[in-house]
Amino acid sequence: MAAFWVKAAVVGLVAGVLSGMFGIGGGIITTPAIRLLLGGSAIAAVASSLPAIIPSALTGAFSYARRGIADVRGGLQVGTWGAAFAVAGAYLTRFIGGSILLIVTAAIIGYMAVDMALLALRAREPGEEPPVATCAEEEAILAAERPAPRVFRPTPGALAVVGAVTGLYSGLLGLGGGFVIVPVLTRWFGFSAKRAIGTSLVAIAILSVPATVTHALLGHIDWRIALALSVMVVPGSLIGSRITAAASERGVRVGFAALLVAAGLVLAANEVAVLVR
């Protein structure tokens, strides 16, 4: 019994730290851990992580908002629309699904990882002096920076679209909305990585509610596992948010890109293994 609580606390701590650092729900850690370490069933592995996501996301969102690096209103809009469309996404799983879809998703995650890494490497930190370069090198730098990405204003309509896409994605594939929200806000809305992460946590706190209620009504949640995970997600989220707040913008982007790569590889490997069987 003691070993169970210790393992659950460690899993919750790691999930909380990643949630606070990168604006994700933490399910990428808790879902496989419930199955492999805590003895949960397949459905419990998905459902029992949801109650722990809510306090983790709320803690992280509050921490970022207190530092002024979260668009709380924008996050509320994304989360509200996302919650509505998550139900539709879940319904669509009756008609759409399969390993091929998840492999395509892994490829999209990989693309977002590369894109974010390239943006991080091209961007200069505030106050950083431009590098001394030869004429040829300067021309190459200018050529690389010339096609600047189009930036959209975060209007209510635009944020509604982000929420709708995030909700459909989360409901259809059962993956955290942060993997969509953070890259989209960074790439297309001109958010800094830190502000995008804080905003994502606000949205995830809302997105997780309908999923939690649905699984609770269906009896899928193992509340002992959910409670054990929740013990350490809050301090973990505080630690993660402090790490990101102290890190450089470039470091945060590269770190998130690395997380995307890891998530994409794990997802693809799991689904390829299913197809090969």
Side-chain angles (χ1 to χ4, degrees), residues 1-20 22 24-60 82-83 86-94 96-99 101-102 105-106 166-179 201 204-237 259 262-263 266-275 277:
M1 179 64 71
F4 166 82
W5 286 93
V6 170
K7 288 188 290 187
V10 172
V11 171
L13 178 64
V14 173
V17 169
L18 289 178
S19 176
F22 299 117
I24 62 174
I28 189 175
I29 298 295
T30 55
T31 297
I34 290 172
R35 189 80 170 120
L36 299 175
L37 298 177
L38 304 179
S41 65
I43 188 64
V46 174
S48 301
S49 64
L50 291 169
I53 288 175
I54 298 174
S56 175
L58 283 173
T59 301
V87 176
Y91 178 76
L92 287 175
T93 57
R94 297 177 59 186
I96 306 173
S99 296
L101 180 59
L102 289 177
T105 302
T166 302
L168 284 172
Y169 169 89
S170 299
L172 184 62
L173 300 173
L175 298 174
F179 287 113
L201 287 169
I204 289 172
I206 300 173
L207 271 168
S208 303
V209 172
T212 300
V213 172
T214 301
H215 282 289
L217 292 175
L218 293 173
H220 294 163
I221 297 176
D222 184 325
W223 289 103
R224 184 176 73 112
I225 293 177
L227 177 61
L229 290 174
S230 299
V231 171
M232 292 301 292
V233 292
V234 170
S237 184
L259 180 66
V266 169
L267 182 61
N270 286 340
E271 297 311 314
V272 168
V274 170
L275 288 176
R277 289 177 187 172

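Residue numbers start at 1 and run along the sequence shown. Computed over heavy atoms, backbone and side chain alike; hydrogens, waters and symmetry mates excluded.
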Could you list the donor-acceptor pairs under 3.5 angstrom formed between side-chain atoms of residues 208-215 and any protein atom two or more places apart in sequence or on another chain?
| residue | atom | partner | partner atom | Å |
| --- | --- | --- | --- | --- |
| Ser208 | OG | Ile204 | O | 2.8 |
| Thr212 | OG1 | Ser208 | O | 2.7 |
| Thr214 | OG1 | Pro210 | O | 2.8 |
| His215 | ND1 | His220 | ND1 | 3.1 |

Side-chain donor/acceptor pairs under 3.5 Å, residues 45-54, sequence neighbours excluded:
| residue | atom | partner | partner atom | Å |
| --- | --- | --- | --- | --- |
| Ser48 | OG | Ala44 | O | 2.9 |
| Ser48 | OG | Asp222 | N | 2.9 |
| Ser49 | OG | Val46 | O | 3.1 |

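Here the closest heavy-atom approach between residue Ala83 and residue Leu207 is recorded as N-CD2, 3.3 Å. Minimum heavy-atom separation, Leu58 to Ala205: CD2-CB, 3.7 Å.
With hydrogens and angles disregarded, no donor-acceptor distance shorter than 3.5 Å links the side chain of Ser237 to the backbone of Val233.
Applying the side-chain hydrogen bond (donor to acceptor under 3.5 Å, both in side chains) criterion to Ser19, with sequence neighbours excluded, gives Ser56. Taking the side chain to side chain contact (heavy atoms under 4.5 Å, CB included) definition, one finds that Ala228 meets it with Phe4, Trp5, Ala8, sequence neighbours left out. Residues satisfying the side chain to side chain contact (heavy atoms under 4.5 Å, CB included) criterion with Leu37, sequence neighbours excluded, are Val11, Ala33.
A distance of 11.5 Å separates CD1 of Ile29 from CD1 of Ile34, quoted to the nearest 0.5 Å. One distance of note links CG of Leu259 with CD1 of Ile24; it measures 5.0 Å at 0.5 Å rounding. Here CG of Leu229 is found 12.0 Å from NZ of Lys7. Values are rounded to the nearest 0.5 Å.
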